[in-house]
Amino acid sequence: MLKPGSTLDRYFEITKRGSSVSAEIRGGLATFFAMSYIVVLNPLILGGEDSMGNTMPGPAIAAGTALVAGILTLIMGIWAKHPFAIATGLGVNAFVAVTVASNDGLTWPDVMGLVVIAGLAMVILVLTGFRTAVFRAVPPSLKTAIVVGIGLFVALVGLVNAGFVRRNPDAAGTTVPLGLGNGGQLLGWPTLVFVFGLLLTIVLMSRKVRGAILIGIVASTVFAVIVEWLADPGTQGAGVATGWSLVTPSMPQWAAPDLSLIGDVSLVGSFQTLGGVAATLLVFVILLSIFFDAMGTMVGLATEAGSIDKDGNIPRVERVLLVDAAGAVAGGGAGVSSNQIFVESGAGIGEGARTGLASVVTGLLFIVAMFLTPLIYLVPFEAVAPALVVVGYLMVSQVGKIDWSDIGLALPSFLTFTLMPFTYSIADGLGAGFISFTIIRVFQGRGREVHPLMYVVAAAFALFFGIGPIREIAGI
């Protein structure tokens with residue numbers, strides 16, 4: 001049992017933050033299980049061909065994803081001392097794989113070079129204090145809207161990952177944005193695993209059972225293993241609509257990690273191939289995405305963890321932002337795309353994690369997963385999705401703190417938290433909120449109340465949203 005005042009307690013401020021070693025361990029486990037899917041998913045996203053027809057080996061992407069996530073999460077826990085885990089960002093890796101890698105003449109090392117450059121630019125912005133200043137310039141109501149938006153986003157991720165909500169063709173044969181289950185019906189054993197886990201977690205939380213979220217994950221995983229053994233539902237990837245969404249429960253085995261992608265990067269190749277202007281525009285888009293995705297996620301998680309003070313500041317925020325910025329450099333350098341703070345860290349925070357000790361647990365598990373890569377196959381999406389839905393509820397409950405009497409704050413807040421899940425992008429929601437806040441305040445005759453940096457950020461987002469037409473007009 002941890003003694004108040006011990007070295008471990010003082011270093012991580014466990015007692016001061018109202019936590020315990022057991023709560024931090026439970027939180028670290030919950031976070032790892034909630035985000036471990038990235039080791040499986042990232043090779044699928046980055047496993048395609050670049051413009052030259054080259055591919056990166058899947059095992060190397062998986063191993064690099066686990067290694068970089070583990071090291072950065074350990075640094076976040078030990079140095080920044082926050083329960084924020086880091087791994088390859090889904091928004092950036094999808095943009096890199098679909099948009100950047102398709103540019104004529106670019107190879108994967110060239111593409112990853114762009115990510116590294118964006119990361120280096122981010123490091124400079126943090127060291128100069130610009131990124132921290134932007135965080136502090138955001139009005140309190142918009143910060144609350146970020147928390148609510150991330151809560152909705154996390155809940156949607158959980159529902160979609162579990163297959164409880166998915167895109168479905170309607171009766172006319174067209175595709176509706178989202179629908180219930182498979183063709184409007186809840187079918188398949190994996191869906192039952194999700195429903196079981198969600199109901200169990202809700203009941204445990206309502207009874208104030210300590211460790212409710214982690215118990216829900218473990219119990220759902222056991223149920224999933226039994227289901228796989230008895231029913232063998234198959235996978236959606238193999239064309240079985242009622243099967244597992246991605247991960248089929250199976251026992252881990254030893255596997256030597258393939259780290260061949262580390263250092264396979266070219267910092268100048270994209271500029272030589274595309275030219276300075278085109279390459280710089282791609283760097284700008286990557287930079288904005290990782291800049292604001294991380295800021296929004298950090299605000300949401302810190303608020304849920306109770307580590308934001310009355311003035312809206314986060315302790316050691318510069319360290320948090322610097323580790324996150326280093327994630328882009330390390331991720332690009334390892335060939336696995338930019339790494340950033342993961343919203344699924346909310347699962348650990350919901351379990352009680354309040355300090356960096358939880359991140360140490362999560363980071364160590366990622367290092368283990370590098371050698372036992374199939375470890376992440378033990379827990380299917382359907383078993384961790386209930387935790388994300390419950391965490392979403394906890395974060396959305398902050399909505400009452402928004403000043404709904406002031407349309408200049410209320411409407412931008414509304415756009416922020418609705419567009420995050422609707423566009424499946426934290427950055428897009430932030431952009432809509434920041435731009436609308438600035439415009440409304442100007443036309444209210446209250447432009448002086450807007451922090452100068454908000455004008456800069458709003459202009460940057462306007463450029464971000466207009467990057468497509470700009471490239472088309474410029475012919476690049």
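One is the number of the first residue; the rest follow in order along the sequence. In this text the structure is predicted, and so the values were computed from the model without any measurement.
Using a 3.5 Å distance cut-off with no hydrogens or angles, the side chains of W189 and E228 do not pair a donor with an acceptor. No side-chain donor-acceptor contact under 3.5 Å links T88 and N93. In this model, no donor atom of one side chain and acceptor atom of the other lie less than 3.5 Å apart for S425 and T423. Side-chain contact of N161 with S245: a donor-acceptor pair under 3.5 Å is absent, judged by distance alone. In summary, the side chains of Q398 and T144 do not present any donor paired with an acceptor at a separation below 3.5 Å, with no hydrogens or angles considered.
Looking only at side-chain heavy atoms (C-beta outward), F366 and L72 stay at 4.5 Å or farther from each other. Using a 4.5 Å heavy-atom cutoff, the side chains of M56 and D264 are not in contact. Using a 4.5 Å heavy-atom cutoff, the side chains of M395 and I150 are in contact. Between L8 and V21, some side-chain heavy-atom pair lies under the 4.5 Å cut-off. Two residues are said to be in side-chain contact when any heavy atoms from C-beta on lie closer than 4.5 Å; I124 and L120 fail this criterion. Put simply, the side chain of D324 does not reach to within 4.5 Å of the side chain of V320, judged on heavy atoms. Looking at heavy atoms from C-beta onward, V390 lies in side-chain contact with M205 at the 4.5 angstrom threshold. Between Q340 and T297, every side-chain heavy-atom pair lies at or beyond the 4.5 Å cut-off.
V323 and W79 make their closest contact through CG2-CE3, 3.7 Å (heavy atoms, listed as atom of the first residue, atom of the second, distance). Between A358 and G27, the shortest heavy-atom contact is CB-C, 4.4 Å. L301 and S345 get closest at one heavy-atom pair: CD1-CB, 3.7 Å. In plain terms, the two heavy atoms of F437 and P139 that are nearest each other are CZ-CG, 3.5 Å. Across all their heavy atoms, A85 and M35 have their closest contact at CB-SD, 3.4 Å. The shortest non-hydrogen separation linking V317 to R136 is CG1-NH2, 4.0 Å.
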Discussion item. Side chain to side chain contact (heavy atoms under 4.5 Å, CB included), that's the test. Do V111 and W108 meet it? Break it down for me.
Written reply: CA-CA 5 Å; V111 172; W108 279 117; 4.3 Å; yes

Worksheet entry | Trace of the side chain to side chain contact (heavy atoms under 4.5 Å, CB included) decision for I146 with M420 | CA-CA 9 Å; I146 292 170; M420 281 186 186; 4.2 Å; yes

Item to complete: Evaluate side chain to side chain contact (heavy atoms under 4.5 Å, CB included) for F434 paired with V138, printing each intermediate quantity in order.
Response: CA-CA 8 Å; F434 288 3; V138 179; 3.8 Å; yes

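Here the side chain of E24 pairs no donor or acceptor atom with the backbone of G356 at under 3.5 angstrom. Judged by distance alone, with hydrogens and angles left aside, the side-chain atoms of T31 form a donor-acceptor pair with the main-chain N or O of G348 at under 3.5 Å. Of the possible donor and acceptor atoms, one in the side chain of S397 sits under 3.5 Å from a partner among the backbone N and O of L394. R316 places a side-chain N or O within 3.5 Å of a backbone atom of A80 that can act as its donor or acceptor partner. Judged purely by atom type and a 3.5 angstrom limit, N339 has no side-chain atom pairing as donor or acceptor with the backbone of A328. Put simply, the side chain of Y11 gets close to the backbone of I78: a donor and an acceptor are under 3.5 Å apart. Between the S307 side chain and the A302 main chain, a donor and an acceptor come within less than 3.5 Å of each other. The main-chain N or O of G18 is never found under 3.5 Å from a side-chain atom of R354 such that the two would form a donor-acceptor pair.
The pair R17-D9 does not count as a salt bridge, with every side-chain nitrogen at least 4.0 angstrom from each carboxylate oxygen.
Both the sub-6.0 Å distance and the 45° axial angle are not jointly satisfied by K81 relative to the ring of F12.
Within a 6.0 Å radius of CZ in F284, other residues, nucleotides and ligands contribute more than 12 heavy atoms.
Each of L46, I61, T65 was scored for a side-chain contact (heavy atoms from CB on, under 4.5 Å) with L261, with one residue passing: I61. Across F223, F164, W244, a single residue satisfies ring pair (Phe, Tyr, Trp, His ring centres under 6.0 Å) together with F194, and that is F164.
Ring planes of F84 and H82: parallel class, angle under 30° (limits at 30 and 60°).
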